[in-house]
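Reviewing the structure listed below.
Proteins come first, then strands; the chains are lettered A, B, ... in the order of their sequence lines, and each starts at number 1. Computed from a predicted structure; not experimentally measured.
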Protein chains: 2
Amino acid sequence: MNVSFNKRDPIYLQVMQYFKRLIVSGELNPGSEMPSRRQLANQLKINPNTVQRAYSEMEDQRLIYTETNRPSRVTEDPSVLNQLKKEWLHHAVSTFVAAIEPIDIPLNDVVHLIEEKMHTRKKDKQ
Amino acid sequence: MNVSFNKRDPIYLQVMQYFKRLIVSGELNPGSEMPSRRQLANQLKINPNTVQRAYSEMEDQRLIYTETNRPSRVTEDPSVLNQLKKEWLHHAVSTFVAAIEPIDIPLNDVVHLIEEKMHTRKKDKQ
DNA sequence: CAATGTGTATTAATTGGTTAATACACTAAG
DNA sequence: CTTAGTGTATTAACCAATTAATACACATTG
């Protein structure tokens, strides 16, 4: 569990983002158990209700589901998972294009910067 | 003046972002006058102190400067302008790479999505 | 059947951003 | 020289979103 919160965004959104990332990356498999609300709250030193808020919204979005008195689980519905990936990617692309639009730079140079950054991140991970 | 605020981020940050974009794009030239605090506040229907907060931070970052009892002006310092563009670009690239990293997709496909999005945005502008 | 661990619900408190009210110093214009 | 328009500074109040405190319902287990 490797989360660092920024102070700007609401914690419950950052928690959601954290799990969404694990799901789109496949690090968290469909059907696998989520940490219990209280357990996660303890680990992250945050309030259980904040976790509940995050989980509750993820449940609204069908990313997780809950059976009575059991820890929530990651959805096994392929359409939900595909939709998540699709939206994740589109959001990233839209944001990026909107950001570089005002800058006068050839696309090739941009691609080069992306490749560069990908490589340095790969290295940093090792 | 074409600003639409979201409710999530602080207004003063959105005002800063708005002007930064105008500066990196060259729509706002070095040395040109900024709207006066009170005038901008009136236009945007926000409090003059909120504008002051935005301007004050931009001044800290040397993006604008102010002479006594004159409206602030956009910096004419090339190093500040270059630095702004550089940081703007790097931030965009870093954010983007971090976002797509967890998704299993070839770089070529990503580039294609970017091109696509750029074209649709170009069309939408017309 | 008591204890513990789930999820859930309700209400209260906190907090940061924003707004607001004033005031001051200075300059240019009428 | 008065007026209006700059930027700047200080203090208090407001408000909505977020976080926190607490309690409830249920199920499993020893």
Worksheet item: Under 4.0 Å: is that the gap between some side-chain N or O of B:K7 and OP1 or OP2 of D:dA17?
Response: yes
Worksheet entry | Base-contact (B) and sugar-phosphate-only (S) positions in nucleotides 19-30 of chain D, heavy-atom cut-off under 4.0 Å, - elsewhere | BBBB---BS---
Worksheet item: Across the strands shown, which category fits B:E59 at heavy-atom distances under 4.0 angstrom: base, sugar-phosphate, nothing?
Response: sugar-phosphate
Worksheet item: Given that A:M34 and A:R8 both sit by DNA chain C, which one's nearest nucleotide is further toward the 5' end?
Response: A:M34
Worksheet item: B:L22: what forms a side-chain contact (heavy atoms from CB on, under 4.5 Å) with it, not counting sequence neighbours?
Response: B:Y18, B:F19, B:E27, B:L28
Worksheet entry | Between C:dA25 (C1') and B:E67 (CD): distance, integer Å | 17 Å
Discussion item. In whole Å, I'd like the distance from the CD atom of A:Q14 to the P atom of D:dT18.
Written reply: 11 Å
Worksheet entry | NZ/NE/NH1/NH2 to OD/OE distance under 4.0 Å, B:R21 and A:E101 | yes
Worksheet item: To the nearest Å, how far apart are A:M58 CE and C:dG7 P?
Response: 12 Å
Worksheet, complete the sentence: Note: B:Y12 and B:T50 closest approach over all heavy atoms is CB-O, 3.8 Å
Worksheet entry | Whole-Å gap separating C1' (C:dT18) and CD (B:Q52) | 14 Å
Worksheet item: Using a cut-off of 4.0 Å on non-hydrogen atoms, how would the nucleic acid contact of A:S72 be classed: base, sugar-phosphate, or nothing?
Response: sugar-phosphate
Discussion item. For the backbone of B:P78 and the side chain of B:N82, can you confirm whether one donor and one acceptor N or O come within less than 3.5 Å of each other?
Written reply: yes
Discussion item. Between P on D:dT18 and CG on A:L44, what's the gap in Å once rounded to a whole number?
Written reply: 18 Å
Worksheet entry | Between C1' of C:dT19 and CZ of B:R37, the distance in whole Å | 18 Å
Fill in: Atom-to-atom span, CG of B:L40 to C1' of D:dG5 - whole angstrom
16 Å
Fill in: Under 3.5 Å donor-acceptor, A:R73 side chain and A:G31 backbone
yes
Discussion item. Between P on D:dT8 and CD on B:E57, what's the gap in Å once rounded to a whole number?
Written reply: 13 Å
Worksheet item: Backbone N or O of A:M16 within a donor-acceptor pair of the A:E57 side chain at under 3.5 Å?
Response: no
Worksheet item: Out of D:dA17, D:dG7, C:dT6, which has the shortest distance to the side chain of B:T66?
Response: D:dG7
Worksheet item: Taking atom types as modelled and ignoring hydrogens, do the side chains of A:S72 and A:E59 form a donor-acceptor contact shorter than 3.5 angstrom?
Response: no
